[in-house]
Amino acid sequence: YRRDSGAVELEFVTGESRSGDRVAADRLVLQMAAEGGRPSWARLTGSVRGVLAPAGGPRVAPAGSTGAAGATDPAAPPPRERLYSGDVGTVAFDAEGQTKSVTLEGAPAMLSEADRRLTAKRIDIGFENGRAVTASAAGDVKLDSANGHAEAARGTLGFAPDGTAQNTVL
């Protein structure tokens, strides 16, 4: 710990958040905020990898289903974990210490789930209330899914409240 700069440096790190997100890397520099004892940002280097846990809470029946409004849908697929990896990762935290954004860089950086895999030189993931809501990718973007393969210089996508990808643009 460097008291003068408020930074914590660790090697061969593994960790898990309260929400179930997991991370591992060869090196971590965690910058603490000047006040409040919370993290401001983190930089991970060397074999960065981990899991973004699925959004918590019950699965809600989709509109038009036969269940009562707001009822959980036992037939709905479980929320998906998203695996990620890269050479370098940067995490920005909000004023409450929750993840605001994650940037992965690599040759390539990767974000994947059960039936979809995105690779690019850089992937930025935006969060709101602890849940991934957007992703953008730049540099040799490749998307592989059950529906096929696509390539582009850059791309964006959003995540619905249930965690499924929506509004993909390459």
Within one Ile-Leu-Val-Met-Phe-Trp-Tyr cluster: [X] and [Y], side-chain cutoff 4.5 Å:
X     : Y     : value
Val88 : Val91 : no
Leu30 : Val13 : yes
Phe93 : Met32 : yes
Val51 : Leu44 : no
Val8  : Leu28 : yes

Decide, yes or no, whether a salt bridge links Glu9 with Arg27 under the criterion of side-chain N to carboxylate O below 4.0 Å.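 Salt bridge: yes.
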Could you tell me whether Asp144 and Lys142 have a side-chain N and a carboxylate O separated by less than 4.0 Å?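 A salt bridge is absent here (no side-chain N lies under 4.0 Å from a carboxylate O).
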Taking everything shown except [X] itself, do over 12 heavy atoms lie less than 6.0 Å from its [atom1]?
X      : atom1 : answer
Arg154 : CZ    : no
Glu16  : CD    : yes
Arg117 : CZ    : no

Go through the steps for Arg38 and Ser40 under the test side-chain hydrogen bond (donor to acceptor under 3.5 Å, both in side chains), then give the verdict. CA-CA 7 Å; Arg38 60 172 178 72; Ser40 177; 5.3 Å; no
Using 0.5 Å steps for rounding, measure from the CD atom of Glu128 to the OG1 atom of Thr134.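 One gets 7.5 Å once the value is rounded to the nearest 0.5 Å.
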What distance do Leu104 atom CG and Ile125 atom CD1 have between them, rounded to the nearest 0.5 Å?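 Here the rounded value is 5.0 Å.
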Looking at [X] and [Y], what are the two nearest heavy atoms and their distance?
X      : Y      : value
Arg49  : Gly46  : NH1-O, 4.4 Å
Phe127 : Leu52  : CZ-CD2, 4.0 Å
Gly155 : Leu170 : CA-CD2, 3.9 Å
Ala7   : Val29  : CB-CG1, 4.4 Å
Val141 : Ala153 : CG2-O, 3.6 Å
Pro39  : Gly97  : CG-O, 4.4 Å

With sequence neighbours excluded, residues passing side chain to side chain donor-acceptor pair (under 3.5 Å) with Ser17: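 Partners of Ser17 under the side chain to side chain donor-acceptor pair (under 3.5 Å) test: Ser19.
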Can you check side chain to side chain contact (heavy atoms under 4.5 Å, CB included) on Tyr84 and Leu118, steps first, answer last? CA-CA 9 Å; Tyr84 64 88; Leu118 170 69; over 6 Å; no
Phe159 six-ring face occupied by Arg82 cation (under 6.0 Å, within 45°):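 Yes - Arg82 lies over the ring of Phe159, closer than 6.0 Å to its centre and within 45° of its axis.
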Under a 3.5 Å distance rule, please check whether [X] uses its side chain to pair with a backbone N or O of [Y] as donor and acceptor.
X      : Y      : result
Ser145 : Asn147 : yes
Arg43  : Gly89  : no
Asp21  : Ala53  : yes

Would you mind listing every salt bridge (Lys or Arg N to Asp or Glu O under 4.0 Å) that reaches into residues 86-101, with sequence neighbours excluded?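 As it turns out, there is no salt bridge (Lys or Arg N to Asp or Glu O under 4.0 Å) pair with a partner in residues 86-101 once direct neighbours are skipped.
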Give the intermediate values and the outcome of side-chain hydrogen bond (donor to acceptor under 3.5 Å, both in side chains) for residues Asp124 and Thr103. CA-CA 4 Å; Asp124 294 296; Thr103 299; 2.7 Å; yes
Does Val23 form a side chain to side chain contact (heavy atoms under 4.5 Å, CB included) with Thr14? I'd like the steps, not just the answer. CA-CA 6 Å; Val23 66; Thr14 59; over 6 Å; no
